[in-house]
*Asks:* 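Before we start, here is the structure in question, set down as structure tokens.
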Amino acid sequence: MRAVIHAGRAEGTLAAPPSKSMAHRLLICAALSQGVSTVRGVDMSEDIAATADCLRALGSDITLSGDTVTVGGIDRGIRSAVLDCRESGSTMRFMLPICLALGGRYQLRGSRRLMQRNMAVYEQLCAENGIEYRQSDCTVTVDGQLKPGTFCVRGDISSQFISGIMFASLLMDGESRVQLTTALESRPYVDMTVSAIRQFGGSVGLLGDRYTANGGGMRACDCTVEGDYSNAAFFDALNLTGGSVAVSGLLPDSLQGDKIYRRHFDAICRGGAEIDLTDCPDLGPLLFALAALKGGARFTGTRRLRIKESDRVAAMAEELIKFGVTVTAGDNSAVVSGRLGQPSEMLCGHNDHRVVMALATLCTVTGGTVDGAEAVSKSLPDYFERLKSLGIRVELI
């Protein structure tokens, strides 16, 4: 699908989309609890649908009515299942250790790009605990059962591994510990996991560089997904392109790491910004785009942008050059420089929802066409409808 976006001034008020990151966590906690839970404010994007389907494969009774989801507990007697994670890294990294805790033989499927993302932490975990682990271009198969204990995990690859093992620990008898062997990047996402678990009565804690979790005690509850700073940033950014947009429904005391986006917006507008993306890699494409609009910026902590739905550093470099803007990339840094002009050719979304939305933000200034625009369905299926509601003319062809 191609999105033809006409230059225009965005105006209006918009409710923040629900947090995809928190929706994953609340649905999983509900399925790990006794009884039937209600999770409100769920946007059934492709990633969230993947998590829901995987929980169904483990015996959870999940029904959707509008944006409200009722979730029954998984069947802890299941010893074999096929889980389709589609393109969702969160789903894969959260569900695999849950399967290990249940014990048995499980196959987790996903796109080729998903399988290219680092899974070494779980491969090592399985090897250390006598569990079979086999990975192909599109599947991971595990056979065996994880027992409670101390699990030593790197914290500088992805926080999702720490969250995944914490979820698994809730299914195991007694206390388990996640010992960090390196500094933890993207800590706010682990804080969100702890918050979600506690909403359902789970016992988790942090002492120094060690997380603890106790099995049992999870009980059903009625909860609501909070507004999403990650996706709200794309609409708030329209204020930097000449628009007047108010985004409502964001909790000021949210644990979301991407809450920092407003501070980064201010830095870019002041000029000469140097921004560390270590704890907020999902903001990378948008911040690159805004730097292109506002005269440039230097970014550090960019290494993890290369292992997302696309290599986001390379993708943004390839697209911004079409606007006359250069991205000079290092191993863990990037510099955006140049003056934004009209795109010289059609833009490519690189099958990455955040790249598509970042390019669309620039097109509200310059006009342009983004190919592969359907990628927004991964996290925000109604993105273009929301953009049109703010007065931006968009044609989907």
Side-chain angles (χ1 to χ4, degrees), residues 19-22 24-26 28-29 88-98 100-101 117-126 128-129 146 148-170 172 175-199 202-214 226 228-230 253-261 263-264 274-284 287 299-308 312-313 331-333 354:
S19 168
K20 180 166 73 83
S21 295
M22 188 55 85
H24 280 299
R25 289 161 170 79
L26 294 178
I28 289 171
C29 287
S88 175
S90 297
T91 303
M92 173 69 77
R93 289 171 174 166
F94 292 163
M95 297 305 304
L96 191 147
I98 290 173
L100 297 180
R117 297 171 73 171
N118 196 321
M119 293 288 284
V121 168
Y122 289 154
E123 187 172 8
Q124 180 178 343
L125 179 69
C126 288
E128 291 172 349
N129 289 274
L146 191 65
T150 298
F151 308 108
C152 296
V153 181
R154 292 180 64 96
D156 59 352
I157 301 176
S158 172
S159 66
Q160 292 170 349
F161 295 120
I162 290 89
S163 293
I165 295 172
M166 290 171 68
F167 287 137
S169 298
L170 301 172
M172 296 187 284
E175 181 181 271
S176 292
R177 296 158 294 281
V178 181
Q179 178 69 54
L180 300 176
T181 60
T182 67
L184 176 59
E185 296 185 2
S186 296
R187 181 181 294 273
Y189 287 102
V190 181
D191 293 340
M192 291 172 69
T193 300
V194 171
S195 174
I197 291 171
R198 287 176 175 169
Q199 283 190 61
S203 175
V204 289
L206 172 64
L207 181 61
D209 57 359
R210 174 183 291 182
Y211 287 91
T212 61
N214 286 279
E226 66 177 277
D228 184 26
Y229 276 89
S230 303
D253 59 349
S254 172
L255 296 173
Q256 295 176 52
D258 286 351
K259 183 173 68 172
I260 200 172
Y261 80 76
R263 189 184 306 173
H264 292 332
E274 181 162 328
I275 295 173
D276 185 358
L277 297 175
T278 299
D279 285 338
C280 54
D282 284 344
L283 293 178
L287 293 175
F299 298 94
T300 59
T302 60
R303 185 178 296 116
R304 288 180 54 227
L305 273 69
R306 295 188 177 277
I307 54 173
K308 293 291 186 175
R312 287 176 172 167
V313 175
D331 178 55
N332 198 31
S333 64
R354 301 201 189 277

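Residue numbers start at 1 and run along the sequence shown. On a predicted model such as this, the values are computed, not experimentally measured, just so you know. Atoms considered below: every heavy atom in the structure, side chains included; atoms not considered: hydrogens, waters and symmetry mates.
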*Asks:* Do the side chains of Ile275 and Thr300 get nearer than 4.5 Å, heavy atoms only?
*Replies:*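 With C-beta onward as the side chain, the pair stays apart.
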*Asks:* Has Thr182 got a side-chain atom pairing as donor or acceptor with Gly155's backbone, closer than 3.5 angstrom?
*Replies:* yes
*Asks:* Grab the two heavy atoms, one from Asp209 and one from Gln179, that are nearest each other, plus how far apart they are.
*Replies:* OD1-NE2, 2.9 Å
*Asks:* May I have the step-by-step check of salt bridge (charged side-chain N to carboxylate O under 4.0 Å, His left out) for Arg312 and Asp282, ending in yes or no?
*Replies:* CA-CA 9 Å; Arg312 287 176 172 167; Asp282 284 344; 3.1 Å; yes
*Asks:* For a quick test of reading the model, state the closest non-hydrogen atom pair linking Gly284 to Leu277 and the distance between them.
*Replies:* CA-CD1, 4.0 Å
*Asks:* Could you check whether Arg304 and Ser186, counting side-chain N and O atoms only, form a donor-acceptor pair closer than 3.5 Å?
*Replies:*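 Short answer, yes.
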*Asks:* Working to the nearest 0.5 Å, report the span between CD of Glu123 and CG of Leu96.
*Replies:*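 Going from the CD atom of Glu123 to the CG atom of Leu96 covers 11.0 Å.
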*Asks:* Restricting to non-hydrogen atoms, name the atom on Gly301 and the atom on Asp276 that form the minimum distance, rounded to 0.1 Å.
*Replies:*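 For Gly301 and Asp276, the tightest heavy-atom pair comes out as CA-OD1, 3.8 Å.
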*Asks:* Testing the basics here: between Leu287 and Phe299, what is the closest heavy-atom pair and its distance to 0.1 Å?
*Replies:* O-CZ, 3.5 Å
*Asks:* List the steps and the verdict of side-chain hydrogen bond (donor to acceptor under 3.5 Å, both in side chains) for Arg25 and Thr193.
*Replies:* CA-CA 6 Å; Arg25 289 161 170 79; Thr193 300; 2.8 Å; yes
*Asks:* Find out whether Cys29 and Ile197 are in side-chain contact, i.e. whether some heavy atom of one side chain is under 4.5 Å from a heavy atom of the other.
*Replies:* yes
*Asks:* I'd like to check Val178 versus Arg210 (side-chain heavy atoms, cut-off strictly below 4.5 Å). Are they in contact?
*Replies:*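 They are not in side-chain contact.
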*Asks:* Would you mind reporting whether Met95 and Ile98 have side-chain heavy atoms less than 4.5 Å apart?
*Replies:*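 Ile98 vs Met95: side chains touch.
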*Asks:* Kindly compute the distance separating OG1 (Thr278) from CG (Leu184), expressed to the nearest 0.5 Å.
*Replies:* 11.5 Å
*Asks:* Where is the tightest heavy-atom contact between Met172 and Pro148, given as atom of each residue plus distance?
*Replies:*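 Looking at all heavy atoms of both residues, the shortest contact is SD-N, 3.5 Å.
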*Asks:* So, do Pro281 and Lys308 sit near enough that their side-chain heavy atoms are less than 4.5 Å apart?
*Replies:* yes
*Asks:* If every non-hydrogen atom of Ser254 is compared with every non-hydrogen atom of Glu226, which pair is closest and at what distance?
*Replies:* OG-OE1, 2.7 Å
*Asks:* So that I can tick it off, tell me whether Arg187 and Glu185 are bridged by a salt bridge, with the cut-off set at under 4.0 angstrom between side-chain N and carboxylate O.
*Replies:* no
*Asks:* Do the side chains of Gln256 and Ser19 get nearer than 4.5 Å, heavy atoms only?
*Replies:* yes
*Asks:* CG of Asn214 to OG of Ser169: how many Å apart, nearest 0.5 Å?
*Replies:*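 Reported value, rounded in 0.5 Å steps: 9.0 Å.
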*Asks:* Roughly how far apart are Ser176 OG and Leu146 CG, rounded to 0.5 Å?
*Replies:* 7.5 Å
*Asks:* Report yes if the side chains of His24 and Phe94 come closer than 4.5 Å at any heavy-atom pair, otherwise no.
*Replies:* yes
*Asks:* Identify whether the distance between the nearest side-chain nitrogen and carboxylate oxygen of Arg303 and Asp331 falls below 4.0 Å.
*Replies:* yes
